[in-house]
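Heads up, the thing below is written out as structure tokens.
Whatever order the structure lists them in is the order used to number ligands and atoms, beginning at 1. Sequence positions, counted from 1, serve as the residue numbers for this chain.
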Amino acid sequence: MQYNVIVIGSGPGGYVAAIRAAQLGFKTAIVEKYDTLGGTCLNVGCIPSKALLDSSEHFINAKEHFAEHGIDIPAPKVNIGQMIKRKSDVVKSNVDGIAFLMKKNKIDVHTGVGSFVDKNTIKVTGKDGKETTITTDKVIIATGSKPTPLPFAAFDKKRIISSTEALELKEVPKHLIVIGGGVIGMELGSVYARIGAKVTVVEFLDSLIPTMDGTMGKELSRVAKKLGMDIFLGHKVTAVENTGNEVVVKAEPKNGGNALELKGDYCLVSIGRRPYTDGLGLDKIGIETVKGQIPVDDHLKTKVDNVYAIGDVVRGAMLAHKAEEEGVYVAEQMAGQKPHVNYLLIPGVVYTWPEVASVGYTEEQLKQSGRAYKTGSFPYKALGRARASMDTDGLVKVLADKQTDEILGIHIIGARAADMIAAGVTAMEFRASAEDVARMSHAHPTYMEAVKEACLAATANRPIHI
Ligand SMILES: Cc1cc2nc3c(=O)[nH]c(=O)nc-3n(C[C@H](O)[C@H](O)[C@H](O)COP(=O)(O)OP(=O)(O)OC[C@H]3O[C@@H](n4cnc5c(N)ncnc54)[C@H](O)[C@@H]3O)c2cc1C
């Protein structure tokens with residue numbers, strides 16, 4: 001079997017690259033070691049976590065907010081089995097959708113571990129050990145990432161778990177200890193906090209979601225505490241032990257003070273993910289990883305002329321939409337086009353409720369770079385729309401260049417932030433000033449009015465509604 005393009009890995013990077021390559025007329029194959037397509041994102045990442053987040057939001061709304069809306073129902077109960085089953089059904093419909101897209105685009109799917117024989121030959125080893133050899137002009141590596149374990153406590157998948165197991169629990173934990181207050185820890189922590197678990201988050205740095213603008217972390221911490229979560233920032237975890245029916249976590253404050261000992265029934269370790277290249281046979285083509293990543297140039301090409309790499313396995317944010325953009329980029333480049341990825345404008349989202357969404361520079365980055373900037377912010381509680389839906393937690397913060405007024409960053413924590421951030425990306429792609437956005441009509445009453453008001457505050461310090 002001879003192809004123009006073979007893609008290894010069928011996550012959002014790989015399957016999108018394959019579709020775009022096929023659209024451009026390349027004879028394309030995709031190799032995936034699991035039985036289902038879609039990678040981390042569809043099987044054990046974005047989609048299942050959002051399914052559980054939505055279920056847990058319905059539950060807490062029914063439990064705590066329906067009565068105020070004038071809807072009287074008996075006290076709702078959690079059926080965790082059904083919640084997990086619905087999540088699995090959502091995953092199935094999504095992964096089946098990718099299989100359909102492969103057929104539609106006439107992309108051959110080879111199931112098994114793909115490994116290099118040489119730079120034009122890939123061996124696919126099925127679960128039964130059967131080997132198939134396929135050849136190609138070009139290869140796109142999109143093998144993704146895996147959860148990073150603590151160096152002193154491996155995942156036992158029973159009490160010391162990664163996000164993968166946290167999406168499959170058979171009971172609501174009594175006490176879930178989350179190590180790492182980043183995106184995954186806060187999302188899954190909030191799922192279980194809403195459906196009745198005591199949740200404690202231990203984070204090494206001094207802020208939650210530490211890669212995002214500091215204001216977002218502070219506000220998220222306030223909201224998480226309101227939900228009943230305990231948050232320990234600036235704590236270094238020193239030991240995690242499965243003692244049978246319990247897990248014991250020990251941590252020390254970085255800046256001195258009393259050591260912490262927590263006992264729970266599950267410990268979710270969400271300290272990050274590491275690029276995954278096991279079994280790929282990179283040594284056969286002379287590629288060496290650096291800090292686990294496959295080194296690539298600005299065009300996502302590896303040191304081997306016909307081999308590219310995209311997504312979580314290369315540098316940059318570990319996000320599905322970043323992987324997708326890179327997949328399209330590489331395919332179009334192979335077709336002689338001149339594509340472009342604007343890495344500054346890849347938005348980041350945390351799907352807690354309220355959601356957090358950001359694009360562009362954070363205030364910390366601007367301070368560090370010495371760029372003169374101004375800020376404008378607007379609280380959700382001053383929005384008519386937010387009051388109508390009782391979603392008054394959160395704010396919008398806009399950062400703009402001090403001289404030119406060009407928007408440099410938009411940071412939102414609040415209801416529907418995940419969808420709103422697309423408007424921020426659009427504005428920034430067109431290099432809008434804060435005044436440009438402030439002068440555009442925004443439908444009333446909507447959450448987006450908070451963005452307009454924050455832009456008014458940034459451009460001329462004259463918001464209307466506060
Ligand atoms: C709990 C969780 C929630 C997340 N939520 C979000 C979110 O809301 N939004 C977002 O943007 N991102 C989210 N992410 C991150 C997102 O899932 C990843 O950034 C994305 O999946 C990366 O895509 P990828 O194509 O690079 O790799 P992956 O999706 O990891 O796919 C890689 C694929 O390659 C396969 N593979 C590996 N080696 C081989 C081999 N040798 N042969 C054959 N196949 C191989 C793997 O089996 C896998 O299917 C989340 C992640 C997790 C864990």
Side-chain angles (χ1 to χ4, degrees), residues 6-18 29-54 87 91 94-95 98 109-116 122-127 132 134 139-148 161-168 178 180 182-189 191 268-282 284 293-294 300 309-327 330 346-352 355-357 418 421:
I6 292 178
V7 183
I8 307 180
S10 72
Y15 83 75
V16 169
I30 194 161
V31 183
E32 170 55 56
K33 67 177 189 170
Y34 289 124
D35 293 336
T36 56
L37 302 174
T40 303
C41 177
L42 273 69
N43 290 281
V44 290
C46 326
I47 297 298
S49 59
K50 266 81 264 178
L52 289 183
L53 278 155
D54 280 334
K87 179 254 351 176
V91 167
N94 276 275
V95 299
I98 305 300
V109 176
H110 295 271
T111 305
V113 174
S115 58
F116 284 94
I122 305 293
K123 181 176 74 185
V124 182
T125 311
K127 267 198 276 192
T132 315
I134 50 182
V139 183
I140 304 175
I141 303 172
T143 49
S145 61
K146 291 274 177 219
T148 308
I161 60 175
S162 73
S163 55
T164 304
E165 294 75 49
L167 295 165
E168 290 281 344
V178 178
V183 180
I184 292 175
M186 291 311 293
E187 287 187 1
L188 293 174
V191 165
L268 165 62
V269 178
S270 48
I271 56 168
R273 296 179 59 84
R274 58 183 168 85
Y276 182 75
T277 53
D278 293 5
L280 197 51
L282 286 176
K284 296 276 178 5
Q293 293 171 347
I294 298 181
L300 296 157
I310 59 170
D312 281 9
V313 80
V314 301
R315 80 284 183 274
M318 287 188 166
L319 291 170
H321 44 286
K322 177 259 194 187
E324 291 186 27
E325 293 304 324
E326 291 183 337
V330 166
I346 304 248
V349 176
V350 190
Y351 294 82
T352 45
E355 294 169 335
V356 190
I421 203 64

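Partners of A323 under the side chain to side chain contact (heavy atoms under 4.5 Å, CB included) rule, at least two apart in sequence or in another chain, do not exist in this structure. By the salt bridge (Lys or Arg N to Asp or Glu O under 4.0 Å) test, K87 pairs with E168, sequence neighbours left out. Not counting sequence neighbours, the partners of K322 by the salt bridge (Lys or Arg N to Asp or Glu O under 4.0 Å) test are E326.
Side-chain atoms of T148 come within 3.5 Å of backbone atoms of G272 as a donor-acceptor pair (strictly under, hydrogens ignored). Judged purely by atom type and a 3.5 angstrom limit, D312 has no side-chain atom pairing as donor or acceptor with the backbone of R274.
A cation-pi arrangement is found for K146 relative to Y276, the charged atom lying closer than 6.0 Å to the ring centre and inside a 45° cone about the ring normal.
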Exercise answer, ligand 1 polar atom pairs (N/O) under 3.5 angstrom:
{"unit_1": "ligand 1", "atom_1": "5 (N)", "unit_2": "K50", "atom_2": "NZ", "d": "3.2"}
{"unit_1": "ligand 1", "atom_1": "8 (O)", "unit_2": "K50", "atom_2": "NZ", "d": "2.6"}
{"unit_1": "ligand 1", "atom_1": "11 (O)", "unit_2": "A320", "atom_2": "N", "d": "2.8"}
{"unit_1": "ligand 1", "atom_1": "11 (O)", "unit_2": "H321", "atom_2": "ND1", "d": "3.3"}
{"unit_1": "ligand 1", "atom_1": "12 (N)", "unit_2": "A320", "atom_2": "N", "d": "3.4"}
{"unit_1": "ligand 1", "atom_1": "19 (O)", "unit_2": "D312", "atom_2": "OD1", "d": "2.9"}
{"unit_1": "ligand 1", "atom_1": "19 (O)", "unit_2": "D312", "atom_2": "OD2", "d": "3.2"}
{"unit_1": "ligand 1", "atom_1": "19 (O)", "unit_2": "M318", "atom_2": "O", "d": "3.3"}
{"unit_1": "ligand 1", "atom_1": "19 (O)", "unit_2": "L319", "atom_2": "N", "d": "3.2"}
{"unit_1": "ligand 1", "atom_1": "19 (O)", "unit_2": "A320", "atom_2": "N", "d": "3.4"}
{"unit_1": "ligand 1", "atom_1": "21 (O)", "unit_2": "C41", "atom_2": "N", "d": "3.3"}
{"unit_1": "ligand 1", "atom_1": "25 (O)", "unit_2": "P12", "atom_2": "N", "d": "3.4"}
{"unit_1": "ligand 1", "atom_1": "25 (O)", "unit_2": "G13", "atom_2": "N", "d": "2.9"}
{"unit_1": "ligand 1", "atom_1": "26 (O)", "unit_2": "D312", "atom_2": "N", "d": "2.9"}
{"unit_1": "ligand 1", "atom_1": "29 (O)", "unit_2": "T40", "atom_2": "N", "d": "3.0"}
{"unit_1": "ligand 1", "atom_1": "30 (O)", "unit_2": "T40", "atom_2": "OG1", "d": "2.6"}
{"unit_1": "ligand 1", "atom_1": "41 (N)", "unit_2": "G114", "atom_2": "O", "d": "3.0"}
{"unit_1": "ligand 1", "atom_1": "42 (N)", "unit_2": "G114", "atom_2": "N", "d": "2.8"}
{"unit_1": "ligand 1", "atom_1": "44 (N)", "unit_2": "K33", "atom_2": "N", "d": "3.1"}
{"unit_1": "ligand 1", "atom_1": "47 (O)", "unit_2": "E32", "atom_2": "OE2", "d": "2.7"}
{"unit_1": "ligand 1", "atom_1": "49 (O)", "unit_2": "E32", "atom_2": "OE1", "d": "2.6"}
{"unit_1": "ligand 1", "atom_1": "49 (O)", "unit_2": "E32", "atom_2": "OE2", "d": "3.1"}

